[in-house]
Amino acid sequence: MASFKIFFPDDTIRRFRCDTFPSFDEFVKLMTSLYSSAYHPEMKLRYVDSDGDMCTITTDIEWREMQQQLDSHQVYRVWVLEGNKENYFKDGPQPEVVNVYNQDPTQKVPEDRSLLNNLQERATKALANLFPGGKILPHNLPTFLEDSIALKTRDDRSVDLDIDIAALASRLHRRAYELLESSSLPSTLLEAKNCLVSLLILNPENDIAYYNLACAESLLKNVDAAFDALKKSVECGYNDVSHLINDPDLKSLLDDYRFTLILELMGYEEEKKVAEPEVKVEEPEEPEVKVEEPEEPEVKVE
């Protein structure tokens with residue numbers, strides 16, 4: 001259990017409690033959801049450490065340090081401060097794609113060359129999908145993407161993002177899987193769904209991503225969306241019938257007639273047992289054995 005008291009620039013004070021101590025990304029998303037009119041991710045978050053100094057938090061490492069510093073306190077006090085409003089990316093222009101290049105000449109080119117079509121735009125759209133409002137905030141990248149994106153600030157305060165597309169796809173897949181495995185909370189499932197949507201923007205033919213999206217939609221009780229994703233997964237090549245039938249994440253779909261259609265699309269036909277005719281075998285009657293009693297000898301007495 002973790003209680004937070006939030007101090008806003010207009011002297012407003014708000015307070016809320018979480019069942020567990022959130023990660024930095026989770027805290028920022030929670031703040032954005034609860035106080036969208038007073039907070040956005042580009043604002044600064046600060047706390048007072050054990051030395052009495054006001055420390056700024058911008059990374060998960062600094063967030064964990066705050067947790068350790070204030071662990072003995074019953075309430076975590078966090079101050080929200082305005083940054084330089086002129087430099088807010090949320091109010092700036094849409095990002096411009098400069099170019100796409102291959103730094104590794106040994107890297108295989110995908111067999112389906114259509115996956116390279118509009119790759120610049122798709123990479124930008126996939127990244128933007130991870131931010132509230134669809135606007136990339138380069139100084140507020142999700143923690144799990146840090147090693148797939150290199151950030152360089154220019155003299156004019158604009159920012160270059162060098163995106164490793166293969167690494168980005170890998171991180172999105174791993175993050176979605178971790179979220180689906182860790183919790184069935186709607187907020188967690190929605191984040192997993194968001195990661196999978198971004199992954200499918202990068203690679204629209206990824207059958208595993210569509211399958212996991214179907215799992216997320218099923219757990220969220222979005223049955224129609226789950227079947228749409230599952231059908232797309234099969235059309236893209238997914239063919240593990242045994243896993244599909246026994247996957248607990250898809251339990252809410254099993255009794256729907258569309259599940260049978262999906263199995264038929266995969267070429268699976270349920271075996272029907274034909275009742276074998278009952279053969280009756282009559283037990284043979286045991287032969288009657290008659291034992292004649294011996295005649296008693298006649299005894300004559302003279």
Side-chain angles (χ1 to χ4, degrees), residues 107-119 121-130 134 144 165-279:
Q107 190 174 20
K108 293 182 179 180
V109 176
E111 294 182 5
D112 186 355
R113 294 300 184 97
S114 67
L115 295 177
L116 299 176
N117 295 340
N118 303 317
L119 186 57
E121 291 79 7
R122 286 192 283 114
T124 304
K125 186 178 179 181
L127 187 57
N129 180 63
L130 300 175
F144 72 92
I165 294 178
L168 175 61
S170 175
R171 302 302 178 272
L172 288 168
H173 174 80
R174 184 172 65 188
R175 178 62 175 168
Y177 182 81
E178 289 173 349
L179 291 167
L180 287 172
E181 288 292 304
S182 66
S183 173
S184 59
L185 291 174
S187 58
T188 304
L189 296 174
L190 285 171
E191 184 180 352
K193 173 183 173 179
N194 216 29
C195 289
L196 292 166
V197 169
S198 288
L199 178 55
L200 287 166
I201 293 172
L202 281 179
N203 184 357
E205 303 298 323
N206 190 320
D207 61 310
I208 300 300
Y210 274 117
Y211 181 87
N212 288 335
L213 179 60
C215 291
E217 296 286 19
S218 174
L219 292 170
L220 287 166
K221 307 302 181 186
N222 299 330
V223 175
D224 291 343
F227 274 114
D228 289 343
L230 199 56
K231 183 174 183 290
K232 189 67 177 177
S233 173
V234 175
E235 291 173 345
C236 290
Y238 187 84
N239 60 0
D240 192 339
V241 174
S242 177
H243 185 83
L244 176 73
I245 293 174
N246 296 289
D247 193 336
D249 291 344
L250 300 177
K251 186 177 179 180
S252 65
L253 310 183
L254 296 181
D255 295 331
D256 193 298
Y257 76 94
R258 287 171 290 185
F259 194 81
T260 302
L261 298 180
I262 293 293
L263 293 177
E264 292 176 354
L265 185 62
M266 299 174 77
Y268 174 79
E269 293 184 4
E270 187 177 359
E271 294 183 359
K272 297 181 179 179
K273 294 184 178 180
V274 179
E276 296 182 359
E278 184 179 355
V279 179

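Start at 1 with the first residue, then count along the sequence.
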- Task: Output every pair passing ring-ring contact (aromatic ring centres under 6.0 Å, His included) with a member in residues 185-224, not counting sequence neighbours, ordered by first then second residue.
- Result: Y211-Y238, Y211-H243
- Heavy-atom donor-acceptor pair, N206 side chain to A209 backbone, under 3.5 Å: yes
- Task: Go through the structure and list residues passing side chain to side chain donor-acceptor pair (under 3.5 Å) with E235, not counting sequence neighbours.
- Result: K231
- Item | Flag side-chain contact, heavy atom, 4.5 Å: L213 against K232 | no
- Task: Give the minimum heavy-atom separation between L230 and A214, together with the two atoms involved.
- Result: N-CB, 3.8 Å
- Residue pair V234 / M266: nearest heavy atoms and the distance that separates them: CG1-CG, 3.6 Å
- Task: Show the numbers, then the answer: is there a side chain to side chain contact (heavy atoms under 4.5 Å, CB included) between E181 and E178?
- Result: CA-CA 5 Å; E181 288 292 304; E178 289 173 349; 5.9 Å; no
- Item | Y177 OH to L196 CG distance, which is reported to the nearest 0.5 Å | 12.5 Å
- CG on D207 to CG on N212, rounded to 0.5 Å: 9.5 Å
- Message: Taking ring-ring contact (aromatic ring centres under 6.0 Å, His included) as the cut-off, I'd like each qualifying pair that reaches into residues 180-209, sequence neighbours left out, listed once.
- Response: none
- Item | Separation of N246 CG from L254 CG (nearest 0.5 Å) | 9.0 Å
- Note on the structure: The reported gap from CG in L172 to CG in L200 (rounded to nearest 0.5 angstrom) is 10.0 Å
- Message: Checking D255 now: which residues fulfil salt bridge (charged side-chain N to carboxylate O under 4.0 Å, His left out) with it, not counting sequence neighbours?
- Response: none
Ignoring hydrogens and angles, write down the donor-acceptor pairs under 3.5 Å from the side chains of residues 188-195, residues two or more places apart or on other chains.
{"unit_1": "E191", "atom_1": "OE2", "unit_2": "K29", "atom_2": "NZ", "d": "3.1"}
{"unit_1": "E191", "atom_1": "OE2", "unit_2": "R175", "atom_2": "NE", "d": "3.4"}
{"unit_1": "E191", "atom_1": "OE2", "unit_2": "R175", "atom_2": "NH2", "d": "3.0"}
{"unit_1": "K193", "atom_1": "NZ", "unit_2": "E217", "atom_2": "OE2", "d": "3.2"}
{"unit_1": "N194", "atom_1": "OD1", "unit_2": "N129", "atom_2": "ND2", "d": "3.2"}
{"unit_1": "N194", "atom_1": "ND2", "unit_2": "N129", "atom_2": "O", "d": "3.1"}

- Message: On a heavy-atom basis, which atom in S198 and which in L130 lie closest, and how many Å separate them?
- Response: OG-CD2, 3.4 Å
- Excluding sequence neighbours, so at least two apart, what forms salt bridge (charged side-chain N to carboxylate O under 4.0 Å, His left out) with D256? R258
- Any idea which heavy atoms bring A226 and S218 closest together, and the distance? CB-N, 3.7 Å
- Query: In Å and rounded to the nearest 0.5 Å, what is the CG to CZ distance from L202 to R122?
  - Reply: 7.0 Å
- Task: Starting at OG of S233, measure out to CG of N239 and round the result to the nearest 0.5 Å.
- Result: 9.0 Å
- Might you point out which heavy atoms bring L253 and F259 nearest each other, and give the distance in Å? O-CB, 3.4 Å
- Query: Are Y268 and I245 side-chain neighbours, meaning at least one heavy-atom pair lies under 4.5 Å?
  - Reply: yes
